[in-house]
Amino acid sequence: QVQLVESGGGLVQPGGSLRLSCAASGRIISIYVMGWYRQAPGKQRELVATYTRSGSTNYADSVKGRFTISSDIVKNTVYLRMNNLKPEDTAVYYCTYQLEVWGQGTQVTVSS
């Protein structure tokens, strides 16, 4: 069983930055994929970024060049650095392990 604990959401003005963190604990296998998805009101959950233990990353086109996903393997933690935030980035952000385990979600609101 893997548990995920997210942190770092909040309210930020357009153009601002936030960093989300997701700490995994439990039975973590040596090769894994972790990532972030988001869901805005009235919309489907969508991919934001993924990170594999081998170091490869994948981003949604809408966040390329603004968001960066990274990982601290020792701490089993994945981060999402979000720069130049836009109002359309407003959503609940969910951390996922292998697309099988999901965090509780953290709200990100971009508004002036």
Side-chain angles (χ1 to χ4, degrees):
Q1 193 89 9
V2 174
Q3 296 80 39
L4 303 175
V5 177
E6 301 153 338
S7 61
L11 172 65
V12 64
Q13 293 186 341
S17 298
L18 284 174
R19 190 181 79 157
L20 305 183
S21 300
C22 175
S25 61
R27 305 183 73 176
I28 298 168
I29 60 176
S30 60
I31 300 174
Y32 69 86
V33 174
M34 291 186 72
W36 293 93
Y37 280 66
R38 66 186 181 187
Q39 188 167 18
K43 294 188 177 181
Q44 290 187 329
R45 191 173 295 189
E46 63 177 8
L47 167 74
V48 177
T50 57
Y51 182 98
T52 68
R53 199 174 179 99
S54 64
S56 63
T57 58
N58 182 45
Y59 295 93
D61 288 342
S62 60
V63 307
K64 284 181 180 177
R66 301 188 297 122
F67 292 11
T68 303
I69 190 169
S70 60
S71 176
D72 183 332
I73 293 176
V74 173
K75 296 181 180 179
N76 285 321
T77 299
V78 65
Y79 305 97
L80 185 68
R81 176 68 179 179
M82 305 183 292
N83 294 329
N84 189 22
L85 282 159
K86 303 176 181 180
E88 51 263 43
D89 295 318
T90 295
V92 178
Y93 284 69
Y94 296 92
C95 177
T96 181
Y97 169 79
Q98 302 278 57
L99 296 182
E100 296 175 349
V101 180
W102 295 85
Q104 79 281 3
T106 185
Q107 177 70 46
V108 172
T109 302
V110 185
S111 175
S112 56

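In this chain, numbering begins with 1 at the start of the sequence shown.
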Other than Tyr37, what residues sit in its cluster of Ile, Leu, Val, Met, Phe, Trp and Tyr side chains whose heavy atoms are under 4.5 Å apart, directly or through others?
-> Leu47, Val92, Tyr94, Leu99, Trp102
Are Asn76 and Ser25 close enough that some pair of their side-chain heavy atoms sits under 4.5 Å apart?
-> no
Partners meeting side-chain contact (heavy atoms from CB on, under 4.5 Å) with Ser54 (sequence neighbours left out) | Thr52, Ser56
Glu100 side chain near Tyr32 side chain, heavy-atom distance below 4.5 Å | no
Output all residues satisfying side-chain contact (heavy atoms from CB on, under 4.5 Å) with Val12, sequence neighbours left out; order by chain, then residue number.
-> Leu18, Leu85, Val110
Sequence neighbours left out, what passes side-chain contact (heavy atoms from CB on, under 4.5 Å) with Val101? Give chain and number order.
-> Val2, Leu4, Tyr97
Among residues two or more places apart or on two chains, list those pairs meeting salt bridge (Lys or Arg N to Asp or Glu O under 4.0 Å) that have a residue in residues 68-81.
-> none
Verify the neighbour count for atom CD of Gln44: are there more than 12 heavy atoms of other residues, nucleotides or ligands below 6.0 Å?
-> no
Could you list the residues that satisfy side chain to side chain donor-acceptor pair (under 3.5 Å) with Arg66, not counting sequence neighbours?
-> Asp89
Sort and list the pairs that fulfil disulfide bond (SG atoms under 2.5 Å apart) and have at least one residue in residues 34-92, not counting sequence neighbours.
-> none
CG-CZ distance between Leu20 and Phe67, expressed to the nearest 0.5 angstrom = 8.5 Å
Rounded to the nearest 0.5 Å, how far does CE of Met34 lie from OG1 of Thr77?
-> 7.5 Å
Tyr79: partners by ring-ring contact (aromatic ring centres under 6.0 Å, His included), with sequence neighbours left out | none
With sequence neighbours left out, the residues meeting side chain to side chain donor-acceptor pair (under 3.5 Å) with Ser17 are Asn83
Is it the case that one hydrophobic cluster holds both Ile28 and Ile69, taking links as side-chain heavy atoms less than 4.5 Å apart, direct or via other members?
-> yes
Minimal heavy-atom distance between Pro14 and Ser112, with the atoms involved, is CD-N, 3.7 Å
Applying disulfide bond (SG atoms under 2.5 Å apart), which residue pairs with at least one partner in residues 33-112 are found, sequence neighbours left out?
-> Cys22-Cys95
Could you tell me which residues satisfy side chain to side chain donor-acceptor pair (under 3.5 Å) with Glu46, sequence neighbours excluded, listed by chain and number?
-> Arg38
Residue set satisfying side-chain contact (heavy atoms from CB on, under 4.5 Å) with Lys64, at least two apart, ordered chain then number -> Tyr59, Asp61
